[in-house]
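Take a look at the structure below.
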There are 2 protein chains.
Amino acid sequence: MARKTGSHSQITGPKIREQALQLFASHGFAAVSMRQIAAAVGVQAGALYLYTPDKEALLFDLLKTHMDELLAAWAAEERGAGPMAALEAFVRFHIGFNLSRADAVFLSYMELRNLGPENFAMIEGLRRAYETELEEILKAGQEAGVFLIPDTKLATMAIIAMLTGVTTWFREGGRLSRAMVADIYWDMVRKAVGA
Amino acid sequence: MARKTGSHSQITGPKIREQALQLFASHGFAAVSMRQIAAAVGVQAGALYLYTPDKEALLFDLLKTHMDELLAAWAAEERGAGPMAALEAFVRFHIGFNLSRADAVFLSYMELRNLGPENFAMIEGLRRAYETELEEILKAGQEAGVFLIPDTKLATMAIIAMLTGVTTWFREGGRLSRAMVADIYWDMVRKAVGA
DNA sequence: GTCTATAAAGTGATAGAC
DNA sequence: GTCTATCACTTTATAGAC
């Protein structure tokens with residue numbers, strides 16, 4: 001029998017983060033109330049405060065977790081030998097990882113402004129660390145004469161924006177599979193860096 | 001002498017749109033109250049409703065105006081002869097126009113979800129019309145054998161995402177001028193399409 | 001661990017005075 | 001054209017019962 005009151009901390013915590021992520025991504029952080037999140041989880045609003053001190057901390061937790069997982073996943077990725085193989089690995093990794101977490105990606109790019117200065121700086125730092133991973137690949141390729149890039153910093157921003165943009169239009173079951181999209185984007189990136 | 005009450009409709013209307021645009025872009029549509037907008041303009045909240053029926057209509061007005069101006073400006077742009085010249089014109093136009101209206105660009109990509117279905121469809125249609133302008137250039141170049149593009153639809157999305165991304169990091173007075181940035185991006189786009 | 005109830009403040013929008 | 005005052009409602013967050 002279902003009971004209205006009981007101990008579910010091990011399931012409620014993850015459910016709150018899951019529902020908050022989806023609601024924040026769909027409607028925006030400011031547009032979503034704690035009552036809406038609670039309703040989606042199946043608890044009353046007051047219960048949320050057992051898992052987060054306030055609404056902003058909930059957002060920060062989602063963003064921090066996402067960035068940590070992104071960096072950890074890239075660190076664990078096979079990246080082959082040489083700048084060319086590393087760039088291809090990065091392109092395929094970025095598209096694949098971001099497509100599987102479109103909500104979190106969207107939040108990371110859009111809702112940073114709802115964080116306080118210290119939390120903002122933390123997420124921004126992690127993002128920059130990720131961008132630096134790509135820039136180092138580009139620099140290495142440039143120095144090795146494998147790539148022909150007018151400005152590695154701009155190329156970094158251009159490539160990341162281009163790849164991240166996939167999440168705004170890609171739909172599972174559409175004209176192209178993830179693998180086909182990754183192939184096509186890799187072709188464009190490869191050419192763009194003069195390889 | 002300043003007076004607290006009087007007729008200023010010709011100045012108040014534009015001021016409301018200007019302040020609303022900046023506030024919406026900075027904090028998000030849902031996070032900004034009508035009272036905040038009124039305070040920024042220098043009137044009381046009630047006065048705003050002489051210029052807009054409600055908050056959503058104010059957002060729609062900003063987005064619609066931006067898209068109309070974007071399409072009109074591109075239509076008026078010199079674009080040279082042939083796909084190559086047209087693509088270069090598009091790249092330089094897009095970067096230049098978007099950099100001069102970073103707030104509106106940000107709104108157009110982020111706050112569509114706050115529109116009702118009919119207003120959403122209208123803005124989305126204008127955006128697609130703009131994207132089609134680029135896609136037609138790519139198709140023409142592909143057919144003429146000037147470009148080598150695996151998929152013109154994906155190339156369209158990739159290029160627009162890449163160019164629009166400039167608004168997220170460009171700062172006036174930084175390391176590179178607008179013209180230098182446009183030169184570098186044009187170099188990358190040109191290579192990416194195999195030209 | 002979750003509930004109900006509530007405090008204190010803010011929200012969009014309107015009515016009527018000037 | 002603007003202001004003041006206000007309605008009806010929602011917001012985040014907390015206190016205390018169970």
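So that the names make sense, note that chain A is the first sequence line, chain B the second, and so on, each numbered from 1. These values consider heavy atoms only, across backbone and side chains, with no hydrogens, waters or symmetry-generated copies.
For the pair B/L48 CG and D/dT4 C1', the computed distance is 15 Å after rounding to whole Å. A/L50 places its CG atom 16 Å from the P atom of D/dG16, with the value rounded to the nearest Å. Between the CD atom of A/Q44 and the C1' atom of C/dC3 there is a distance of 7 Å, given to the nearest Å. If you take CG of A/D54 and C1' of D/dA13, they are 9 Å apart, rounded to a whole angstrom. One can place CG of B/L59 at 15 Å from C1' of C/dG12, the figure rounded to the nearest angstrom.
Across C/dC3, D/dC3, D/dA13, the shortest atom-to-atom separation from the side chain of A/Y49 is found for D/dA13.
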Anything under 3.5 Å between a donor and an acceptor, one on a side chain of residues 36-49 of chain B, the other on a protein residue two or more places apart or in another chain? List them.
| unit_1 | atom_1 | unit_2 | atom_2 | d |
| --- | --- | --- | --- | --- |
| B/Q36 | OE1 | B/S33 | N | 3.0 |

Enumerate, atom names and distances included, each donor-acceptor pair closer than 3.5 Å involving a side-chain atom of residues 135-146 of chain A, sequence neighbours excluded.
| unit_1 | atom_1 | unit_2 | atom_2 | d |
| --- | --- | --- | --- | --- |
| A/Q142 | OE1 | A/I149 | N | 2.9 |
| A/Q142 | NE2 | A/I149 | O | 3.1 |

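In this model, the phosphate group of D/dG1 is not approached by any side-chain N or O of B/T12 to a distance below 4.0 Å at OP1 or OP2. The phosphate of C/dG1 (OP1 or OP2) has no side-chain N or O of A/Y51 nearer than 4.0 angstrom.
Under the rule for a side chain to side chain donor-acceptor pair (under 3.5 Å), the partners of A/K64 that lie at least two apart in sequence or sit in another chain are A/D68. With sequence neighbours excluded, the residues satisfying side chain to side chain donor-acceptor pair (under 3.5 Å) with B/T164 are B/H94. For A/E78, there are no side chain to side chain donor-acceptor pair (under 3.5 Å) partners two or more places apart in sequence or in a different chain.
Expressed to the nearest 0.5 Å, how far CZ of A/R127 lies from CG of A/L70 amounts to 11.0 Å.
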Pull out every protein N or O sitting under 3.5 Å from an N or O of nucleotides 9-11 of chain D, one pair per line with the distance.
| unit_1 | atom_1 | unit_2 | atom_2 | d |
| --- | --- | --- | --- | --- |
| D/dT11 | OP1 | A/S33 | OG | 3.4 |

